[in-house]
Each structure stands twice: as structure tokens, then as C-alpha cells.
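Letters A, B, ... are given to chains in the order of the sequence lines, protein chains preceding strands, and every chain is numbered from 1.
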Amino acid sequence: MTDTLRLPTPAPRRNNARRWLAVLAVVVAAAGFGLLTAGGIGENLVYYWGPSDVKKAGDQAIGATIRLGGQVAKGSIRQSGGEGSLLEFSVTDGKAVVPVRSTGVPPQMFREDIGVVVEGTMTKEGVFECRRLMVSHGNEYRAPVDAEAPDMEKLIKSTEGLQQAGD
Amino acid sequence: MILPRLASPNLAFALVALGVLLLLAGSYYGLFVSPQERYMGDVQRIMYVHVPSAWNAMLLFTLAMGCALAYLWRGGWGWDAHHEALLEGAAVLSFLLCVQGSIWAKPTWGVWWDWDPRLTTTAVMLLALLGILALRSAVDDPEKRATWSAVATIIAFVDVPIVYFSVRWWNSLHQMQSSPETVSAPFIVPLRLNAFGVLALMGGLALLRARVAARRTAKELGPALPPMPAGAALEA
């Protein structure tokens, strides 16, 4: 194939105004990024509260629509059968525990120890009334029988003394 | 460096063919060879297209930003043509990313969408790309179009690192980035095949799309000047 297509001519003028625009754009972008990261947006933008945060908020959490995130406590799931049924469980962050009351059938992934984000409000009795239940999963994806690979990894790590704590 | 100049169509078609082959191999491996995930079963297989979309959307946006900077700094229609092509590629991938993520979210999280930081910043990325493309299509003067959209791309690019770090900076419904340690070996093969497949496919398409953009710009700039001698520098 013969290639006859050429870039348009004339090329854009090489002018300093455009270079200043480049500098300006980079400065604006960098300033925006700096403001977002250093300006404490991390504390001001909260997707969900942990059980400890909800406990600390006390009465403020009552009646307000909030999201509570954490893990489903072991052995806390109680479910009365059938559609539209009552579903009770506790959400924990290892320090505090908040009991949650929900209705209906949870997503398939719902089980003990899995992460959940529930939307709703605290009631006066200290039970979180859940209106929307979302299951969050970690970043681990494992084959059901996963003998070789991870074991080899662990073996190598342990022989080299690189076993990381809290990994 | 190919981007200030136009790639030969042969190179572009070769990349497209390579991408299709890699995607066929990756899809076959991902659908028929890789085992089911322990808890998610078959649903997890959407990861093999979702994660490559995410990586390549951010990569193409980054390259588009590089072209935008180079255009403003050095001039040359090649930068502008590739800027346009890469923006479109990034927009397509961002759109696919949101759709695939939604399809994965419903059976696992239980919802199609929530205003989680990762999801929200990704939607911002898609809207920013569409906005810049709208700006480009609204400006008739090639020089103004190239200059203004380059500035817009550089500023909008701020969102890309925020998308990446959103799952680390804030509480989110979306899980953190996976790494080879958190993903079983048989899942990594299709992930890599598809990641390079999407890269080659979109790269090839972007090179072709840049040729279309250059042709249009040439038309807009009016009748061509006397042809340049072969081998002459293409930027004034």
C-alpha cells in the first residue's frame, strides 16, 4: 500500500502564546490536584462510616441517612425464611459492633466475614435500619483448588525470611 | 517517536490484527480454561475485560495528555491528530468500563451503581472525555480547536490519578487494586492477554483514527501548498 497521506501544511505557528497556555494548563492542573490531595478532602469526603464512627456520632446518627460499612460479624446472621423476610446481622470493624436490621433477600455474595455497606439510619434502640444493602468484596480472586501457585509463593517467601506480617 | 508523524496504515492494521488475536486467545482462556472463582463463580470472568478496559482507558488518556502538551509546546498537526484519536479511544474504553463494572456490580454488590468514590471519579473521567470531544466538534478553526482542547485535556487529566488512588484514599464499595499476589495464577493469564490485546487493538485503531483527523484538518486548512520535497521535516 502506498501511503500518500501527509500531515496538513502549514503546521501551526510556533508561538509563545501557546507555550504559555501549556504552562498555565499544567499549573492549573497541578494546583487542582494539590488542593484535592492536600486540602483535606479525604476527611470531608466520606462514603461510609465505620461502626466506631457511628457509635461516636451518637444521637447525630439517629434519623439521618448514612452509610455504614464494615464486616458482617461471625455468627450474627439471623434470617427468617421467605421473600420480604427479616434479615438481621451485625457490622463490625473489629472494635465496635452495630446491629443491623434489613428485609428481603441479600445479594448472593452475602455471608459471614464479608464486607458490606448498608444505607439507612440509626434507630433510638441502637439498631441500624437498613434500606439498601450492598456487599463489597476484597481484591482477592482465588481458584477453588489453588494448590500450586500460592503455596510456592509462601514457600519462597518463608525460605527467604520475607514473610510479611499482616499481609 | 511515532506520534508527531502519522503511522503507516500497515503498522496500524498489524496492531489491530495483533490485538484481535490476543483478545481471541485471552477470551478463550478466560471463558474455557480458567476455573471459576471460589465465591463469585462465573461472574468473576468479567474481570478479564473490565480490568483491561480500566488500565487502557487511563493509559490512553495519559497518552492524549502527552500529545496535548506536545502540541502546545512544539506545535505540529501530528500531535493534534493523535490527541483527538486517543481521546476518542479513552472515551470508548471509559464507557465500556462503566458498563462492564455495572454488570459485575449487580450480582456481586447487589446494586448496578452507587456514588462510591471510585465509581464517581470514573464517571467524571468519562464525562470529561465526552466534554472535550464535544468542545472539539464545536470549534471550527483547527488552530483554536487544537489549542483549547489541549488545555482542557491537560486540566481534565487531573482526574486520572484520582480515579487510580480513589480506592486507597477513601472508604469505598469498590475493592482495592488487585496484584499478582491477590489473584490466582490461572486468572492472571487471560487478564494479561486481554490487557495487551486491548492495548494493541486500541493503539492500532487510534493510529488509523489520527490519519482521518489529519485528513480532515488538511481539508479545513484549505488547498494544500505546493508539495514538500520528500523527507523534509513535517513541522515548520
Under 3.5 Å, is there a donor-acceptor pair between the B/Asp114 and A/Tyr47 side chains?
-> yes

Under 4.5 Å from a heavy atom of chain A, the part of [X] involved:
X	answer
B/Val111	side chain
B/Glu220	neither
B/Asp159	neither
B/Tyr71	both
B/Thr108	both
B/Tyr39	both

Can you tell me which of [options] forms the most heavy-atom pairs within a distance under 4.5 Å of chain B?
options	answer
A/Gly138, A/Gly32, A/Ala30	A/Gly138
A/Phe33, A/Phe110, A/Trp49	A/Phe33
A/Arg67, A/His137, A/Glu119, A/Arg132	A/His137

Just how far is it from atom [atom1] of [X] to atom [atom2] of [Y], taken to the nearest 0.5 Å?
X	Y	atom1	atom2	value
B/Lys106	A/Gln108	NZ	CD	12.0 Å
A/Arg19	B/Trp73	CZ	CH2	5.0 Å
B/Asp80	A/Leu7	CG	CG	10.0 Å
B/Leu72	A/Leu21	CG	CG	6.5 Å
B/Arg211	A/Arg6	CZ	CZ	9.0 Å

What part of A/Leu133 lies closer than 4.5 angstrom to a heavy atom of chain B: side chain, backbone, both or neither?
-> backbone

Contacting moiety of A/Val28, where chain B heavy atoms sit under 4.5 Å = side chain

Spell out, as yes or no, whether a donor-acceptor pair under 3.5 Å connects the side chain of B/Glu37 to the backbone of A/Arg142.
-> yes

Heavy atoms of other groups near A/Gln60 CD, more than 12 under 6.0 Å | no

Is it the case that more than 12 heavy atoms not belonging to B/Arg38 sit under 6.0 Å from its CZ atom?
-> yes

Out of [options], return the one with the most heavy atom pairs under 4.5 angstrom to chain A.
options	value
B/Gly110, B/Ser178, B/Ala150	B/Ser178
B/Leu69, B/Thr147, B/Thr120, B/Val158	B/Val158
B/Gly78, B/Ala81, B/Ala146	B/Gly78
B/Ser172, B/Pro142, B/Ala210	B/Ser172

Which atom names give the shortest non-hydrogen contact between A/Ala143 and B/Ser184, and what distance separates them?
-> N-OG, 3.0 Å

Looking only at heavy atoms, what is the nearest atom pair of A/Ala25 and B/Val151, with distance?
-> CB-CG1, 4.1 Å

For chain A, which residues from residues 40-55 of chain B lie under 4.5 Å away (heavy-atom distances)?
-> B/Met40, B/Gln44, B/Met47

Indicate yes or no: at least one non-hydrogen side-chain atom of A/Pro144 is less than 4.5 angstrom from one of B/Pro35.
-> yes

Hey, mind stepping through A/Leu5 and B/Arg215 against side chain to side chain contact (heavy atoms under 4.5 Å, CB included) and telling me if it holds?
-> CA-CA 7 Å; A/Leu5 182 62; B/Arg215 195 179 291 260; 4.0 Å; yes

Pick one: which of B/Leu173, B/Asn171, B/Asp116 meets side chain to side chain contact (heavy atoms under 4.5 Å, CB included) with A/Ser136?
-> B/Leu173

Go through the steps to decide whether B/Gln175 and A/Tyr141 satisfy the test side chain to side chain contact (heavy atoms under 4.5 Å, CB included), and finish with yes or no.
-> CA-CA 11 Å; B/Gln175 65 282 8; A/Tyr141 307 93; 2.8 Å; yes

